[in-house]
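Presented below is the structure to which this report refers.
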Number of protein chains: 2
Amino acid sequence: MSRGEQTRSAILDTAVELASQLGLEGLSIGALAAAAGMSKSGLIAHFGNKQELQLATLQRAQARFRASVFAPALAAPRGLPRLEALLARWLDWLMSADLPGGCVMLGAATEYDDRPGAVRNALAGGFRELRGAIAKAVRLAVDEGHLLPQTDPWQFAFELFGIVLASAHDWRLHADARSITRARVAFARLVERHSAAHGHAERIET
Amino acid sequence: MSRGEQTRSAILDTAVELASQLGLEGLSIGALAAAAGMSKSGLIAHFGNKQELQLATLQRAQARFRASVFAPALAAPRGLPRLEALLARWLDWLMSADLPGGCVMLGAATEYDDRPGAVRNALAGGFRELRGAIAKAVRLAVDEGHLLPQTDPWQFAFELFGIVLASAHDWRLHADARSITRARVAFARLVERHSAAHGHAERIET
DNA sequence: AGCATAATAGTACGAACGTTCGTATTTCGC
DNA sequence: GCGAAATACGAACGTTCGTACTATTATGCT
């Protein structure tokens, strides 16, 4: 890795951290340059313009998410264990201390949902890919016999996503640690509802 | 209503519309003045400074939400009908065409969740109040016998909130109309899970 | 070691930001 | 109808924004 690539990578690390707090749009070249300890012009030379910087920052954040959340989940055995690992890692990711301003993608989602362009496309693509991957994991859980065959993977993924969103909201806006427990309870009930044990069996105690 | 109050009110209507698209932080005095057809100085004189403008805009959006979503829901009979009305109105609100940039509160939530200050406090207070109202509606549904007594109102409100968040996300970022159906399905299952008709559960009403 | 090139800094630009001030205009009670 | 108060305007402030262009420094290959 050349020197330029090194500093570019270091810049992006700082950029993700800053974008976490200020949003992808609020991330300014001047503030980033100050945080990275270099000049505005020297910094932006690595990317050309701000949009390219935003795209690169988003890609870096997405790559981190894949590495911290999805890859470990894929290491878990397919089926329910993988889904559980996914949720656990995802919650860890959202509440991690090294993302001081929350998930960059979730923040950018509300920023760019009505702002057509390359950033929005990259963002939507990432979320679509994520949702598809979840749906696939659900399908595998059905194949493994952990979930009932009539389970709709997309509906399941939708509801799981909602649980995560609500948890992130409560955690970040209200600093409510109960959101973790609530997410786990909601997930357990979501699974139970689609599991073969459903109908005969136990009740979940909160 | 004096003339000043009239223009102030008209400004806030425009401000809500603009903040819907640009966010509460991205809402600039210059752009708002242009949209309202008046000068920057003449506009900001009604509020003092930008933060007061943001607070007033937020309060206006919150009042609109109460009027369009919560008040009609309260008109429905307590219990399940009220909860169903709440969800229906909420989804209408989120997908309404006159909120071109999405819900102001949801947008501001991710903007200000790590920015302490008056705006964040007002925002968090509103969401707390909303969540409490939902929990209360759930409690009433339990009292009416529509939901099982062991239902945790806060857990129920959490999950309902998650359904709404996921629906708003899919609708706004992916323009996915299926999010409405998915929200309804998820809600129906959430209710079913806590209802007396649910499989194994014991009845409370004779 | 020397040199071509990559990498960073420096500077300047026009525009937009929020805010303040002085002044003109309009409204409204008397 | 008059005058005080409310309301709106226009101009300017200092700052920051993203970007462009030039100069300087550092790297790496032969």
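Each chain gets a letter, A, B and so on, in the order its sequence line appears, and its residues count up from 1. Keep in mind it's a predicted model, so treat the numbers as computed, not measured.
Nucleotide C/dG10 holds its P atom 14 Å from the CG atom of A/Leu43, rounded to whole Å. Between the C1' atom of C/dA7 and the NE2 atom of A/His46 lies a distance of 6 Å, rounded to the nearest Å.
Here A/Leu32 contributes atom CG and A/Lys40 contributes atom NZ; the two are 11.5 Å apart, rounded to the nearest 0.5 Å. Separating the CD atom in A/Gln59 from the CG atom in A/Leu123 is a distance of 11.5 Å, to the nearest 0.5 Å.
Side-chain contact check for A/Gln62 and A/Glu129: no donor-acceptor pair (N or O, by modelled atom type) lies under 3.5 Å. There is no side-chain donor-acceptor pair under 3.5 Å between A/Gln21 and A/Glu17. No hydrogens or angles considered: a donor-acceptor pair under 3.5 Å links the side chains of A/Ser9 and A/Arg60. Using modelled atom types, one finds no donor on one side chain facing an acceptor on the other under 3.5 Å when comparing B/Thr110 with A/Arg172.
No donor-acceptor distance shorter than 3.5 angstrom exists from the side chain of B/Thr14 to the backbone of B/Ala36, with no hydrogens or angles considered.
For the segment residues 25-42 of chain A, residues with any heavy atom less than 4.0 angstrom from an atom of DNA chain C are, sorted by number, A/Met38, A/Ser39, A/Ser41, A/Gly42. Applying a 4.0 Å cut-off to non-hydrogen atoms, none of the residues of residues 51-60 of chain A approaches DNA chain D.
Residues B/His174 and B/His169 bring their aromatic ring centres within 6.0 Å.
Relative to the six-membered ring of A/Phe161, A/Arg131 meets both conditions, a distance below 6.0 Å and an angle of at most 45° to the axis.
Nucleotides of DNA chain D lying under 4.0 Å from heavy atoms of chain B occupy a range whose first and last members, 5' to 3', are D/dT7 to D/dG10.
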